[in-house]
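Structure record follows, encoded as structure tokens.
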There are 2 protein chains.
Amino acid sequence: MNSSSEYLIKKLSQKSLRFSFQRMKILEYLYQHESSHPDAEEIYESLSNIIPGLSKTTIYNTLHSFVNAGLVQAVDIENSETRYELSASRHGHFICKQCGVIHDFDIDIDMIVVKELAQFQVEEKDVYFRGLCPNCIRIQNETTNTIKNKKKEAQDES
Amino acid sequence: MNSSSEYLIKKLSQKSLRFSFQRMKILEYLYQHESSHPDAEEIYESLSNIIPGLSKTTIYNTLHSFVNAGLVQAVDIENSETRYELSASRHGHFICKQCGVIHDFDIDIDMIVVKELAQFQVEEKDVYFRGLCPNCIRIQNETTNTIKNKKKEAQDES
DNA sequence: TTCTAAAGTTGTAATGATTACAATTTATCC
DNA sequence: GGATAAATTGTAATCATTACAACTTTAGAA
Ligand SMILES: [Mn+2]
Ligand SMILES: [Mn+2]
Ligand SMILES: [Zn+2]
Ligand SMILES: [Zn+2]
């Protein structure tokens with residue numbers, strides 16, 4: 001058992017979560033894929049190779065336990081699958097409408113104080129931006145240019 | 001045909017949306033339930049009484065058309081059903097974890113500029129808060145007090 | 001007004017992420 | 001080591017949404 005395993009085991013214990021090989025591997029996966037915000041399916045597919053007979057129910061159960069313990073946070077930026085990430089300092093999420101990639105960005109959410117909600121008990125603040133990522137913007141421009149060139153060629157021929 | 005109908009028909013026409021009785025009633029429903037952020041099911045249940053044989057597919061189709069035309073906005077604050085509202089000035093959404101009620105609140109979202117996203121094309125900015133509404137806070141406090149009183153009574157008896 | 005093509009409506013079946021549940025296995029504590 | 005509560009597993013169910021094809025209606029042209 002290497003030192004990073006020991007670290008993960010300690011993490012589980014800190015949150016009063018029982019140890020299991022499945023839990024440790026799921027937690028490890030989240031540590032190794034910090035920025036990709038994986039969903040249950042992705043985690044399941046990846047870990048099935050390491051853990052034969054792994055059940056998808058275990059993935060869901062475990063993620064729920066982790067979220068419940070505050071170890072993991074759910075990112076519901078898509079209306080299809082829920083994505084997950086290790087609990088970290090609050091940040092905003094940008095999702096590309098084209099390729100689906102998610103980017104974290106710093107934002108001082110606590111700065112946002114809403115007078116109107118003085119009587120409300122605000123427990124979570126989520127900021128979700130949507131649009132096009134730099135890569136998809138570039139691809140879009142290239143396509144547009146190709147079309148323009150084609151049209152110009154056709155004009156020149158006539 | 002009354003004047004509010006004419007207004008709705010004009011609204012549809014403005015967005016190059018064809019007229020239909022179903023569409024007009026769905027649009028009317030959204031006008032008459034501005035703040036409740038209804039979902040497809042709620043709209044369907046309500047309008048089934050007025051439009052016999054109405055299909056739920058029509059509700060979904062129509063809402064998609066409306067969103068596509070920019071007449072309506074989807075509110076994906078819940079990971080279950082999508083909720084809908086007429087397009088209005090951008091605002092934030094608070095949802096009560098207890099009773100599910102949604103409250104609009106003013107927030108200057110355009111004020112939020114993120115340097116990190118300079119290379120990104122941000123098209124939508126959603127701010128979702130979650131927590132307890134004033135009513136549910138009150139109910140919770142009452143329950144807590146009742147329990148405290150019960151405990152105190154038990155102590156006094158012993 | 002009548003005709004026609006395109007768009008809207010409907011019912012039913014399929015999809016897909018997530019949950020419910022009961023049997024089996026495992027971790028933790030004594 | 002044994003008891004007990006908790007975790008894992010496989011399967012079936014749920015439920016919002018979508019796919020699809022037949023039918024109907026709208027809007028514009030003739
Ligand atoms: Mn993140
Ligand atoms: Mn709103
Ligand atoms: Zn992209
Ligand atoms: Zn409430």
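Since the structure is predicted, the reported quantities are computational estimates derived from the model, not experimental observations. Quick note on labels: first sequence line is chain A, next is B, and so on, each numbered from 1.
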What's the closest nucleotide to the [X] side chain, out of [options]?
| X | options | answer |
| --- | --- | --- |
| A/F19 | C/dT10, C/dT28, D/dT9 | C/dT28 |
| B/T58 | C/dT18, D/dT8, C/dT10 | C/dT10 |
| B/Q22 | C/dA20, C/dT18, C/dT9 | C/dT9 |
| A/S55 | C/dT10, D/dT9, C/dT18 | D/dT9 |
| B/T57 | C/dT12, D/dT11, D/dT17 | C/dT12 |

Regarding [X], tell me which of base, sugar-phosphate or nothing describes its non-hydrogen contacts under 4.0 Å with the strands shown.
| X | result |
| --- | --- |
| A/S65 | nothing |
| B/N79 | nothing |
| A/T62 | sugar-phosphate |

For a quick check, tell me whether the side chain of A/R18 and the base of C/dT28 share a donor-acceptor pair closer than 3.5 Å.
no
Under 3.5 Å, is there any donor-acceptor pair linking the side chain of B/S20 to the base of C/dG8?
no
Could you tell me the separation between the [atom1] atom of [X] and the [atom2] atom of [N], rounded to a whole number of Å?
| X | N | atom1 | atom2 | value |
| --- | --- | --- | --- | --- |
| B/L54 | C/dG8 | CG | P | 16 Å |
| B/N61 | D/dT26 | CG | P | 16 Å |
| B/Y44 | C/dT9 | OH | P | 14 Å |
| A/R83 | C/dA17 | CZ | P | 13 Å |
| B/I9 | D/dA27 | CD1 | P | 9 Å |
| B/E41 | D/dT17 | CD | C1' | 12 Å |
| B/I59 | D/dC15 | CD1 | P | 20 Å |
| A/E78 | C/dG16 | CD | P | 15 Å |

Can you find a side-chain donor-acceptor pair between [X] and [Y] that sits under 3.5 Å?
| X | Y | value |
| --- | --- | --- |
| A/H91 | A/E85 | yes |
| B/H93 | B/D126 | no |
| A/Q121 | A/E123 | yes |

It should be established whether [X] places a side-chain nitrogen or oxygen under 4.0 Å from OP1 or OP2 of nucleotide [N].
| X | N | answer |
| --- | --- | --- |
| A/S80 | C/dG16 | no |
| A/H64 | C/dT19 | yes |
| B/Y60 | D/dT18 | no |

Supply the atom-to-atom distance B/L71 CG to B/R23 CZ, rounded to the nearest 0.5 angstrom.
10.5 Å
Taking five pairs at each end, how big is the angle between the two axes of the helix from C/dT1-D/dA30 to C/dC30-D/dG1, to 10°?
30°
Charged N-O contact under 4.0 Å between A/R83 and A/E42
no
Under a 4.0 Å N-O cut-off, is there an ion pair linking A/K10 with A/E6?
no
Step by step, would you call B/N135 with B/R138 a side-chain hydrogen bond (donor to acceptor under 3.5 Å, both in side chains)?
CA-CA 5 Å; B/N135 197 39; B/R138 192 175 49 73; 2.5 Å; yes
Between B/F129 and A/F120, is the ring centroid distance below 6.0 Å?
no
